Amino acid sequence: MELQLEFITGQDKNKEDIVEKKIFVTNKIKARMVRRATEVSQDVDFNNLKPDTLDRLVEFLCDVYKNKFTIDEVYDGLDSDVLIPTLIETVQGITAGVTSRLEKFPSK
């Protein structure tokens, strides 16, 4: 999985923000993250998120990327229109990997 964040690193001579884009890539996802994905997404209504639930999901996102960035960097560096889709894709991406492998097991 991959995540792009934007960081404001200063201003140019015209007082425009200098934006640095960084791309973060996850390493191999360990089994513990599957458990955490199911734990943090349990009973989550993405259409009616509460601040503490949102914080918990963003913290999970940071954990998936081994804390290469902070919760505040996610909130400040990710565009608002991609926050929820990114959280959903992260949880589903981790759990879907397990589901797709289970489908290969014989049913009998």
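Each residue takes its place number in the sequence, starting with 1. Quantities reported herein were computed from a predicted structural model and do not represent experimental measurements.
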Q | Check: Asn47 main-chain N/O paired with Asp45 side-chain donor or acceptor under 3.5 Å | A | yes
Q: Measure the spacing between CD1 of Ile18 and CG of Asp12 and express it to the nearest 0.5 Å.
A: 5.5 Å
Q. Out of curiosity, Gln4 CD to Ile23 CD1, how far, rounded to the nearest 0.5 Å?
A. 5.0 Å
Q: Measure the OG1-CG distance between Thr26 and Leu3 for me, rounded to the nearest 0.5 Å.
A: 10.0 Å
For residues 79-89, tabulate all N or O donor-acceptor pairs below 3.5 Å that involve a side-chain atom, not counting sequence neighbours.
residue: Thr86; atom: OG1; partner: Val82; partner atom: O; Å: 2.5

Q | Side chain proximity check, Met1 to Val25, heavy atoms < 4.5 angstrom | A | no
Less than 3.5 Å apart, which donor and acceptor atoms pair up between the side chains of residues 52-66 and the rest of the protein, not counting sequence neighbours?
residue: Asp55; atom: OD1; partner: Tyr75; partner atom: OH; Å: 2.6
residue: Arg56; atom: NH2; partner: Val40; partner atom: O; Å: 3.3
residue: Asp63; atom: OD2; partner: Arg36; partner atom: NH1; Å: 2.7
residue: Asp63; atom: OD2; partner: Arg36; partner atom: NH2; Å: 3.2
residue: Tyr65; atom: OH; partner: Glu2; partner atom: N; Å: 3.3
residue: Tyr65; atom: OH; partner: Glu2; partner atom: O; Å: 3.4

Q. Rounded to the nearest 0.5 Å, what separation is found between the NZ atom of Lys68 and the CG atom of Leu5?
A. 11.5 Å
Q) Which heavy atom in Ser41 sits nearest to a heavy atom in Ala37, and how many Å separate them? A) OG-O, 2.7 Å
Q. What residue pairs, at least two apart or across chains, pass ring-ring contact (aromatic ring centres under 6.0 Å, His included) with a residue in residues 10-43?
A. Phe24-Phe69
Q | Atom pair CD1 (Ile94) and CZ (Arg32), whose distance is rounded to the nearest 0.5 Å | A | 13.5 Å
Q) Testing Lys22, Glu73, Glu20, Lys21 for side-chain contact (heavy atoms from CB on, under 4.5 Å) with Glu6, which one passes? A) Lys21
